[in-house]
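Reading through the structure tokens given below for one structure.
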Amino acid sequence: MNDFVTIFEVGPRDGLQNEKQPLEVVDKVSLIDDLSQTGLTKIEAGSFVSPKWVPQMASTAEVFDGIQRNEGIAYTALTPNLKGFEGALAAGVDEIAIFGAASESFSQKNINCSITESIERFKPVIAAAKANKIPVRGYVSCVAGCPYEGEIEASVVARVSKTLFEMGCYEISLGDTIGIGNPKTISNMLSAVLTEVPVEKLAIHCHDTYGRALANICASLDAGVRTIDSSVAGLGGCPYAKGASGNVATEDVLDLLGGLGLNHGIDLNQIIKIGNSISNKLGRSNQSKVAIALT
Ligand code: HMG
Ligand code: MG
């Protein structure tokens, strides 16, 4: 089995989208510039979404304008519709992500349409991205449970994942949006998805609401998943999933991978410094256990 794991750093997007206090563009830019020096190859830098829905992401175009791009890093952004795609294209985004869900209620609350409508909305976005040679990632939220509906059938997660994959997403990121999964439910969900999408096309995106993210990542690694979404200092949460806390901390994932003998090519000490710095700026405590232990 492949011993290299790709870390998809979502801190500047998922980590910051839920912050109540606005963070200055210059601070977002310096966060991304610092992350660009650590060995990361994927940095989700923002979202081209409605500023009424997610005010904190309103400055994404300015952020893209300000960052020092490092060759070898894909700077990515969320685009829910064509308007978002046009913003991303103008900003020179390297890769976009569409974001759907396995829960009807979450889809309505998050992007104001049903799952079926969302698929229709994504089609022209994917076509426009293909025409511009921009890779598209597909998120599926609520893969282990929904804040509005509770349990979500693994077969629905598999169906939505298959649809996004067949539509042309190069990778499907499976989001445990509210961190409700456990190693057993995550393994069952992955078994269902793996009947439809090859393992090398999957990523796992764990929020750490119940402190189970690392256990769920271990279950995902056992299933062969080799791309992990994480957020420096464990920043994050979804504004349309009440109570959802941050993503698993990048620092904690790197430490786990090191212990398991899996390679990632990222400088843990640098990430710890960056996590401490952004936590100070936000007046938050660092959510990474490893950063606390090693600082
Ligand atoms: P809507 O209100 O149905 O959209 O929202 P609309 O097309 O009717 O447009 C309404 C207004 O928004 C118009 O402006 C549009 O121009 C504007 P107005 O005429 O009222 O002034 N608008 C836009 N502005 C900027 N960029 C755009 C855009 N589109 C429309 N792209 C919409 C539908 C999808 C836009 C809205 O629901 C939305 O922006 N939702 C985003 C919610 C979001 O970002 N959630 C967090 C990310 S998902 C997540 O965190 C989960 C994830 O991490 C995985 C996991 O953890 O599970 C990925
Ligand atoms: Mg998320």
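As the structure lists them, so they are numbered: ligands from 1, and atoms in each ligand from 1. Nothing here was measured: the structure is a model prediction, and the numbers come from that model.
Interface atoms of ligand 1 facing L78, defined by a heavy-atom separation under 4.0 Å, are 47 (C). Atoms of ligand 1 found under 4.0 Å from any heavy atom of S141, numbered from 1 in the order shown, are 51 (C), 54 (C), 55 (C), 57 (O). Heavy-atom proximity to N112, at under 4.0 Å, picks out these atoms of ligand 1: 1 (P), 2 (O), 3 (O). Atoms of ligand 1 lying under 4.0 Å from any heavy atom of H207, numbered from 1 in the order shown and given with element: 56 (O). Listed by number with element, the atoms of ligand 1 under 4.0 Å from a non-hydrogen atom of P51 are 24 (N), 25 (C).
For ligand 1, none of its N or O atoms has an N or O atom of Y139 under 3.5 Å away. The shortest N/O to N/O separation between R121 and ligand 1 does not fall below 3.5 Å. Between G84 and ligand 1, a contact under 3.5 Å exists for at least one N or O pair. Every N/O-N/O distance between V140 and ligand 1 stays at or above 3.5 Å.
Side chain of Q287 to backbone of A249: no donor-acceptor contact under 3.5 angstrom is found. Checked by atom type and distance alone, the side chain of D255 never pairs as donor or acceptor with a backbone atom of G259 at under 3.5 Å. For S245 (side chain) and T209 (main-chain N/O), a donor-acceptor pair under 3.5 Å exists by modelled atom type.
The residue from T60, I111, N81 that puts a heavy atom closest to atom 35 (C) of ligand 1 is N81. Considering each of N110, V54, D176, L82, the one bringing a non-hydrogen atom nearest atom 44 (O) of ligand 1 is V54. Among F48, F85, W53, the residue whose heavy atom lies closest to atom 36 (C) of ligand 1 is W53. Remark: among candidates E117, K83, K109, the nearest residue to atom 22 (N) of ligand 1 is K83, based on non-hydrogen atoms.
Here P80 has side-chain heavy atoms under 4.0 Å from ligand 1, and that is the only part of it that gets that close. At a 4.0 Å heavy-atom cut-off, ligand 1 does not touch M57 at all. At a 4.0 Å heavy-atom cut-off, ligand 1 touches T177 through backbone and side chain alike. Heavy atoms of V10 found under 4.0 angstrom from ligand 1: none, in either backbone or side chain.
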Do any side-chain atoms of residues 165-175 form donor-acceptor pairs under 3.5 angstrom with protein atoms, and if so which ones, sequence neighbours left out?
from : atom 1 : to   : atom 2 : distance (Å)
Y170 : OH     : K42  : NZ     : 3.1
Y170 : OH     : E95  : OE1    : 3.2
Y170 : OH     : E95  : OE2    : 2.4
E171 : OE2    : R137 : NE     : 2.8
E171 : OE2    : R137 : NH2    : 2.8
S173 : OG     : D229 : OD2    : 2.7

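With hydrogens and angles left out, the side-chain atoms of T250 and E9 include a donor and acceptor closer than 3.5 Å. No side-chain donor-acceptor contact under 3.5 Å links Q37 and D34. A donor-acceptor contact closer than 3.5 angstrom links the side chains of T295 and N276.
Within the coordination shell of the Mg ion (ligand 2), defined by N, O or S atoms under 2.8 Å, D14 is present.
A cation-pi contact, defined as under 6.0 Å to the ring centre and within 45° of the axis, is absent between R13 and F99.
Using a 30° and 60° split on the angle between ring planes, F48 and F64 fall in the tilted class, from 30° to 60°.
Take the N/O/S atoms of H207: the one nearest the Mg ion (ligand 2) is NE2. The name of the N, O or S atom in H205 nearest to the Mg ion (ligand 2) is NE2.
Cluster annotation: I272 and I292 are assigned to distinct hydrophobic clusters (Ile/Leu/Val/Met/Phe/Trp/Tyr, side-chain heavy-atom contacts under 4.5 Å, transitive). Linking ILVMFWY residues whenever their side-chain heavy atoms come closer than 4.5 Å, directly or via other members, places L260 and I266 in the same cluster.
Distance check, rounded to the nearest 0.5 Å: CG of N2 to CG of L262 gives 8.5 Å.
The shortest separation from a heavy atom of A97 to ligand 1 is not under 4.0 Å, leaving the residue out of contact.
Contact check on E86 versus K83 returns no salt bridge, with no Lys/Arg side-chain nitrogen under 4.0 Å from an Asp/Glu carboxylate oxygen.
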